[in-house]
Amino acid sequence: MNRLKDQFESIIGPAIQDRRDLLSKHGDDVVGEIKVSQVYGGMRGMLSMICETSKLDVNEGIRFRGYSIPELQEKLPKYPGGSEPLPEGVFYLMLMGELPTEDDVRRVSNQWIRRSTVPPHVFKVIDALPEHTHPMTQFSAAITALRTESEFAKAYRDGINKKKYWEPTYEDAMNLIARLPRIAAYIYRRTYHNGDHIEPDPKLDWSGNFAHMLGFDGDEFKELMRLYMTIHSDHEGGNVSAHATHLVGSALSDAYLSFAAGMNGLAGPLHGLANQEVVRWLLEMRSELGGGMPTKEQIAAYCKKTLADGKVIPGFGHAVLRKTDPRYTAQREFAQKHMPDNELFQIVSKVYEVVPPILEATGKVKNPWPNVDAHSGVLLMKYGLVEYDFYTVLFGVSRSLGVLTNLIWDRATGSPIERPGSISTKLLREKLENK
Ligand code: AMX
């Protein structure tokens with residue numbers, strides 16, 4: 001018996017009914033208007049999709065099924081002796097809509113251990129790529145290669161009834177989540193540690209085992225991974241990785257194809273790649289300024305030069321948020337607790353003081369405050385995970401929790417193929433001016 005799957009099945013019917021009720025009462029109600037500036041402006045603020053797992057408030061930041069990050073840190077089960085939330089818990093919360101018990105979390109952990117074996121051909125696909133291939137390219141190729149295991153693809157070919165789509169999608173999502181740490185660790189060890197791979201430890205939790213396979217067995221690093229995997233897991237439906245997964249999934253592409261699409265989006269420098277860009281930018285700044293601790297004036301001058309060169313200051317700004325990202329704050333608190341004297345952390349803290357007024361002074365940046373990526377790299381550097389080209393893969397492993405939960409919900413609720421309208425500038429002008 002698969003208890004989580006049974007529990008999930010029991011909430012599908014009421015959720016579908018709830019949607020039907022809402023649609024029959026309010027199907028023709030208007031929830032917003034669309035301005036031409038939004039059509040040209042990346043659809044900012046256009047309410048246009050359903051995401052059950054999390055909601056982003058412009059000032060407060062992300063809430064997972066209504067719970068903020070500090071609330072998750074307080075309420076989600078922890079690893080014995082640990083103080084950070086277990087990501088198994090946020091996965092359960094996103095899927096089921098309610099907080100898990102310790103037992104629920106243990107069961108998710110056990111499920112993922114049982115499903116974690118990666119077929120050998122996936123490693124062969126990774127090994128076939130040149131070693132200098134960016135880790136995100138290796139990750140995306142490996143996920144696509146793992147598609148051989150898709151239960152949804154097989155069930156669809158065998159003629160599965162559409163009411164049952166969610167079942168093989170659930171299996172695919174669980175299998176994929178279970179296998180990603182092994183794949184990511186394999187890429188890391190192959191690229192940076194001469195292919196000296198580390199066998200999984202099935203006694204550990206999902207994040208602890210991931211840390212172990214990466215080669216970091218310290219308790220503090222494992223705690224960092226638990227926090228990292230929890231806070232990067234979801235950011236409502238419209239961000240590039242979530243939306244790409246949802247969009248590709250809407251064509252009934254299976255979880256492997258859909259998640260690979262999401263990861264190809266996460267690999268962009270304006271989205272998840274920003275975490276590596278932040279560290280690169282910080283290190284370049286430090287070395288250009290001659291090493292050591294830069295002054296605030298030096299940091300300000302460097303920021304202005306970055307802007308004058310027509311580049312963005314990585315780790316700052318957000319399409320939705322208008323305050324400091326609570327994911328940044330959670331990582332800052334971790335640093336204050338575990339590494340207050342770390343030099344890079346102190347530089348990041350100074351950057352936090354210096355950058356917002358500079359971005360504000362441009363008059364165009366809507367959010368001058370730091371996002372999640374401004375802080376994550378510095379924590380990883382402290383523990384020796386210094387190969388920053390790998391950082392987005394960590395983000396990707398975590399993001400699987402949110403986007404694949406959403407895919408399960410999409411299949412369970414019969415979410416349709418996505419097909420927004422588009423128009424040429426010529427036709428839009430005619431529409432607006434010849435009315
Ligand atoms: N540095 C310099 N310029 C910035 C900036 C930054 N950090 N943030 C925004 N701007 C600029 C934009 O490039 C845009 O310039 P343009 O009019 O010349 O094209 C202008 O300010 C208005 O942009 P916006 O409406 O404030 O932001 P947006 O919604 O278009 O973009 C984001 C959001 C995140 C892409 C942008 O803030 C940015 O590029 N930040 C740096 C990269 C980064 O940290 N990305 C990670 C985001 C979090 C994540 O997804 N992981």
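Whatever order the structure lists ligands and atoms in, that order sets their numbers, starting from 1. Model, not experiment: these values are computed from the prediction.
Within a 4.0 Å radius of atom 47 (C) of ligand 1, the protein contributes at least one heavy atom. Within a 4.0 Å radius of atom 12 (C) of ligand 1, the protein has no heavy atom. For atom 30 (O) of ligand 1, a protein heavy-atom neighbour is found at a distance under 4.0 Å.
Close approach to Ala319 involves these atoms of ligand 1, each under 4.0 Å from a residue heavy atom: 29 (O), 33 (C). Within the listing of ligand 1, atoms 51 (N) sit less than 4.0 angstrom from a heavy atom of Phe395. Residue-ligand proximity, Gly315 to ligand 1, at heavy-atom distances under 4.0 Å covers atoms 43 (C), 44 (O).
The aromatic ring centres of His375 and Phe345 sit less than 6.0 Å apart. Taking the six-membered ring for Trp, Trp206 and Tyr79 have ring centres at least 6.0 Å apart. A distance below 6.0 Å separates the ring centres of Phe91 and Trp112. For His318 and His235, the ring centers sit closer than 6.0 Å to each other. When ring centroids are compared, Trp369 and Tyr328 stay outside the 6.0 Å threshold.
A salt bridge links Arg115 and Glu171; the closest N-O separation between the charged side-chain nitrogens and carboxylate oxygens is under 4.0 Å.
Using a 30° and 60° split on the angle between ring planes, Phe216 and Tyr188 fall in the tilted class, from 30° to 60°.
The protein atom (non-hydrogen) at minimum distance from atom 50 (O) of ligand 1 is His271 ND1, 2.7 Å. In terms of protein heavy atoms, atom 25 (O) of ligand 1 is closest to Lys366 NZ, 2.8 Å. Looking only at protein heavy atoms, the nearest one to atom 1 (N) of ligand 1 is Ile313 N, 2.9 Å. Of the protein's non-hydrogen atoms, the one nearest atom 21 (O) of ligand 1 is Val365 CG2, 3.5 Å. Scanning the protein heavy atoms around atom 27 (O) of ligand 1, the nearest turns out to be His318 O, 4.5 Å.
Remark: among candidates Thr362, Val320, Leu270, the nearest residue to atom 39 (O) of ligand 1 is Leu270, based on non-hydrogen atoms. Considering each of Gly42, Ser241, Ala274, the one bringing a non-hydrogen atom nearest atom 43 (C) of ligand 1 is Ala274. Of the listed residues (His235, Arg399, Lys364), the one carrying the non-hydrogen atom nearest atom 20 (C) of ligand 1 is Lys364.
When atom types are taken as modelled, the side chain of Gln138 and the backbone of Thr133 share a donor-acceptor pair closer than 3.5 angstrom. Checking side-chain atoms of Asp410 against main-chain N and O of Ser415 turns up no donor-acceptor pair under 3.5 Å. Not a single donor-acceptor pair under 3.5 Å links the side chain of Ser400 to the backbone N or O of Ile177.
Donor-acceptor pairing under 3.5 Å is recorded for the side chains of Thr425 and Tyr40.
In this structure, NZ on Lys78 lies 8.0 Å from CD on Gln73, to the nearest 0.5 angstrom.
Residue contacts with ligand 1, taken as heavy atom pairs separated by less than 4.0 Å, do not involve Asn275 at all. Counting heavy atoms under 4.0 Å from ligand 1, residue Asp373 touches it through the side chain alone. Residue-level proximity to ligand 1 for Leu307 is carried by the side chain, the only part with a heavy atom below 4.0 angstrom.
Taking only nitrogen or oxygen atoms, main chain and side chain alike, Val372 does not reach within less than 3.5 Å of ligand 1. Among the atoms of Phe316, some N or O lies under 3.5 angstrom from an N or O of ligand 1.
Within the structure, the closest approach of Asn239 to ligand 1 does not fall below 4.0 Å when heavy atoms are considered. Judged by the shortest distance from any of its heavy atoms, Arg44 lies inside the 4.0 Å radius around the atoms of ligand 1.
In this structure Arg332 satisfies the salt bridge (charged side-chain N to carboxylate O under 4.0 Å, His left out) test with no other residue, sequence neighbours excluded.
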